[in-house]
2 protein chains.
Amino acid sequence: MTSLAPEPTDRRMTSAERRDAILAAASVLFGQRGYFGATTDQVARAAGISQPYVVRMFGSKEALFLAVIGRAKTSLLAAFRGALADWRAAGAAGGDPCDALGPAYLELLRERGVHTSLMQAFMQGSEPAIGAAARDGFLEIWAFLRDEAGVDPETARSFLADGMLINVLAGLEMPRDMRPEAAELLEATLGDKARLLPGA
Amino acid sequence: MTSLAPEPTDRRMTSAERRDAILAAASVLFGQRGYFGATTDQVARAAGISQPYVVRMFGSKEALFLAVIGRAKTSLLAAFRGALADWRAAGAAGGDPCDALGPAYLELLRERGVHTSLMQAFMQGSEPAIGAAARDGFLEIWAFLRDEAGVDPETARSFLADGMLINVLAGLEMPRDMRPEAAELLEATLGDKARLLPGA
DNA sequence: GTCTATAATACGATAGAC
DNA sequence: GTCTATCGTATTATAGAC
């Protein structure tokens, strides 16, 4: 039976890719304006499709947002796991794994909307479904640092704090400010990697 | 002329206090749901007045939000300046001023909505008026640390990072999560002060 | 000063054609 | 799979009475 042959992979890839392109567009918009501020119509326009189709594809705006933060969490953990594996392969036994995770976190700024959409989710703790997913995602990062990377609580806490400051500078689009204080803050926090922030 | 006598202070105080009560209610709501998520009707109900009156009193929702973050910035800087003065009066010349500012920041969690409304503003950098005000406010804190408290850039950066992590745990309402990982994270970040977070 | 009533619009979601 | 048309509702803001 010819029907046993697999469907042309082109079709399925295109479908999954299109879905991911919508999620990428939604990540940027939710990252900029937050869950309530970004509209399904804005996502649709950015993705070049109709507003009802966005809702149809994900079921609801809330489900779309949950898919966005799930995708961001996956991107982040993949970047961390890759950096950790490389760091271990390079044979850095006694050192601090965060020395490898930090640069990976900054490189991820090139993928727009990952940090900011997660951060917007973190600020919705009082929304029942989103809040639960956000707490869950944050604790998954914590568990990765403690259990997979093997760092102690204070090192993990400090690493997360540095990450949250970077997220805030991304949310602020701080490079838009041209005053010397802004330059000093950006230099102290990110050095020349400040160019990766939104607004730069 | 009897009209030269000052107006009864009762009247004016009551008016200013009522305005501040509205701002306090708005701080909590904007902190929880963000600029777009909180509605003027929710603020009005929380303050026990009508929705059109909220808009009338502040001119627009955006002006109300800007008043909220202005008030939060004032509360924060007042707490910092008070703690810094006490610390200097106690004669701690060679130490780190952040040792006094940190506890003051945690005590301010009792005043609901200060940290979270500021954080929500920080995540709206792409909104023209709000973004500019948010960057301005953040840099005012930075300038306080550098110029008034006299701390070096790396100490200031690290202090701000710790603060941003606390803000995120407040936004997440992390104490709602009962798993041991959440307890470990909260203990590492706030110790017994975790009880001051929303959601606790 | 504060309210009620309401205008004007924006939004998420559904129905149904193709 | 994807669109157009549209419904029902929520939201900001204004008008105007008291």
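To find a chain, count down the sequence lines: A is the first, B the second, and so on, and within it residues start at 1.
B:V55 is not connected to B:L23 by any chain of hydrophobic side-chain contacts under 4.5 Å among Ile, Leu, Val, Met, Phe, Trp and Tyr, and they are in different clusters. A:M123 is connected to B:L186 through a chain of hydrophobic side-chain contacts under 4.5 Å among Ile, Leu, Val, Met, Phe, Trp and Tyr, so both are in one cluster.
As rounded to whole Å, 13 Å separates atom P of D:dG1 from atom CZ of A:F58. If you take CD of B:Q42 and P of D:dT12, they are 8 Å apart, rounded to a whole angstrom. Atom CZ of A:F36 and atom C1' of C:dA10 are 16 Å apart (whole Å). Residue A:K61 contributes atom NZ, which lies 15 Å from atom P of C:dT14 at whole-angstrom precision. At whole-Å resolution of the value, CD1 in B:I49 and C1' in D:dA13 are 15 Å apart. C:dG12 atom P lies 17 Å from atom CE of A:M57, rounded to whole Å. Atom CZ of B:R45 is separated from atom P of D:dT12 by 12 Å (rounded to the nearest Å). One interatomic measurement links the two molecules: CG of B:D41 to C1' of C:dA5, which rounds to 14 Å at whole-angstrom precision.
Nearest to the side-chain atoms of B:T40 among the listed nucleotides C:dG1, D:dC3, D:dT12 stands D:dT12. For A:P52, counting side-chain heavy atoms from C-beta on, the closest listed nucleotide (D:dT12, D:dG1, C:dA15) is C:dA15.
Comparing B:S60 and B:R56 against DNA chain D, the residue whose closest nucleotide sits nearer the 5' end is B:S60. Between A:E62 and B:Q51, the residue anchored closer to the 5' end of DNA chain C is B:Q51, taking for each the nucleotide with the nearest heavy atom.
One finds no salt bridge joining B:E181 and A:R146 here, because no Lys/Arg side-chain nitrogen approaches an Asp/Glu carboxylate oxygen to under 4.0 Å. The pair B:R71-B:D20 counts as a salt bridge, with a side-chain nitrogen and a carboxylate oxygen less than 4.0 angstrom apart.
As judged by a 4.0 angstrom heavy-atom cut-off over every strand, A:S50 is placed among the base-contacting residues. As judged by a 4.0 angstrom heavy-atom cut-off over every strand, B:A44 is placed among residues making no nucleic acid contact.
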